[in-house]
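A short write-up of the structure that comes next.
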Amino acid sequence: MKRSSSHRAAVAGRRVAMGLVVLVLLVAGAWASWDAAHHIILAKGRDHGTVTVTECGEEKCTGSFTPDSVSRERPRVTVDRSVAAREGDRFPVVVKPGSDAVVRTGLPGFLHAWVPLAGALVLAAFVIGGGLRMARTAWGAGTAGAVLLVATFVAL
């Protein structure tokens with residue numbers, strides 16, 4: 001059966017549109033992840049230490065900061081509230097430059113920073129499989145996102 005040129009154009013248009021949706025999802029996930037991840041990956045020259053969470057509000061937790069040997073002291077620091085920060089918890093952090101906000105470091109912090117990208121991979125997998133009809137690629141993207149989410153859950 002011969003396909004008309006308009007049918008081929010419609011299929012190509014659909015593939016381009018779905019490809020753009022996948023691209024937007026992945027770029028948005030990477031962008032959201034990079035906001036926290038770059039403080040962990042590019043941590044040289046930043047203040048490092050340990051935070052002890054003393055109280056948590058709706059969006060932020062505050063605590064005392066114990067600096068390492070070369071970092072400066074701070075009376076209080078804040079960390080974004082998540083399932084990984086509860087009152088009494090102690091964990092290693094790096095201070096965001098020019099603020100008293102901190103980001104969790106180490107493997108748990110690194111994995112937690114990339115959770116938005118993991119979610120984007122899982123969402124993109126549905127578009128890749130359903131919209132682009134690329135089942136193997138969809139399974140790969142979805143599995144990668146799910147593995148990252150499970151690893152983060154286990155690490156925290």
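Heavy atoms only: backbone and side chains are in, while hydrogens, waters and symmetry mates are out.
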If you round to the nearest 0.5 Å, how far is [atom2] of [Y] from [atom1] of [X]?
X      : Y      : atom1 : atom2 : result
Ile40  : Trp114 : CD1   : CH2   : 9.0 Å
Arg86  : Asp89  : CZ    : CG    : 5.0 Å
Thr50  : Arg104 : OG1   : CZ    : 11.0 Å
Leu148 : His112 : CG    : NE2   : 11.0 Å
Leu26  : Leu123 : CG    : CG    : 9.5 Å
Phe91  : Leu156 : CZ    : CG    : 9.5 Å

Quick one: list whatever passes side-chain contact (heavy atoms from CB on, under 4.5 Å) with Val115, sequence neighbours left out.
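Only Leu149, Thr152 meet the side-chain contact (heavy atoms from CB on, under 4.5 Å) criterion with Val115.
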Looking only at atom types and distance, does a side-chain atom of [X] sit under 3.5 Å from a main-chain N or O of [Y], one as donor and one as acceptor?
X      : Y      : result
Ser33  : Leu117 : yes
Arg74  : Asp100 : no
Thr143 : Trp139 : yes
Asp35  : Ala32  : no
Thr105 : Val94  : no

Report whether Val79 and Phe110 are members of the same hydrophobic cluster (ILVMFWY, side-chain heavy atoms less than 4.5 Å apart, transitive linking).
no
What about Leu107 and Ile41, same hydrophobic cluster or not, with Ile/Leu/Val/Met/Phe/Trp/Tyr joined at side-chain heavy-atom distances under 4.5 Å?
yes
Pair Arg90, Thr52: side-chain N/O donor-acceptor within cut-off below 3.5 Å:
yes
Is it true that the side chains of Arg46 and His39 contain a donor and an acceptor less than 3.5 Å apart?
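A donor-acceptor contact under 3.5 Å links the two side chains.
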Considering all heavy atoms, the nearest [X]-[Y] contact:
X      : Y      : value
Ala141 : Ile128 : CB-CD1, 4.2 Å
Ser71  : Asp47  : OG-CA, 3.3 Å
Arg81  : Cys56  : NH1-CB, 3.1 Å

Mind checking whether [X] and [Y] have side chains closer than 4.5 Å, heavy atoms only?
X      : Y      : answer
Leu111 : Phe153 : no
Val103 : Val93  : no
Asp68  : Val70  : yes
Lys60  : Asp80  : yes
Arg133 : Arg14  : yes
Arg15  : Met134 : yes

With a 4.0 Å cut-off on N to O distance, would you call Arg76 and Glu55 a salt bridge?
yes
Let me see the working for Val127 and Leu25 under side-chain contact (heavy atoms from CB on, under 4.5 Å), right down to the final yes or no.
CA-CA 10 Å; Val127 178; Leu25 282 170; 4.2 Å; yes
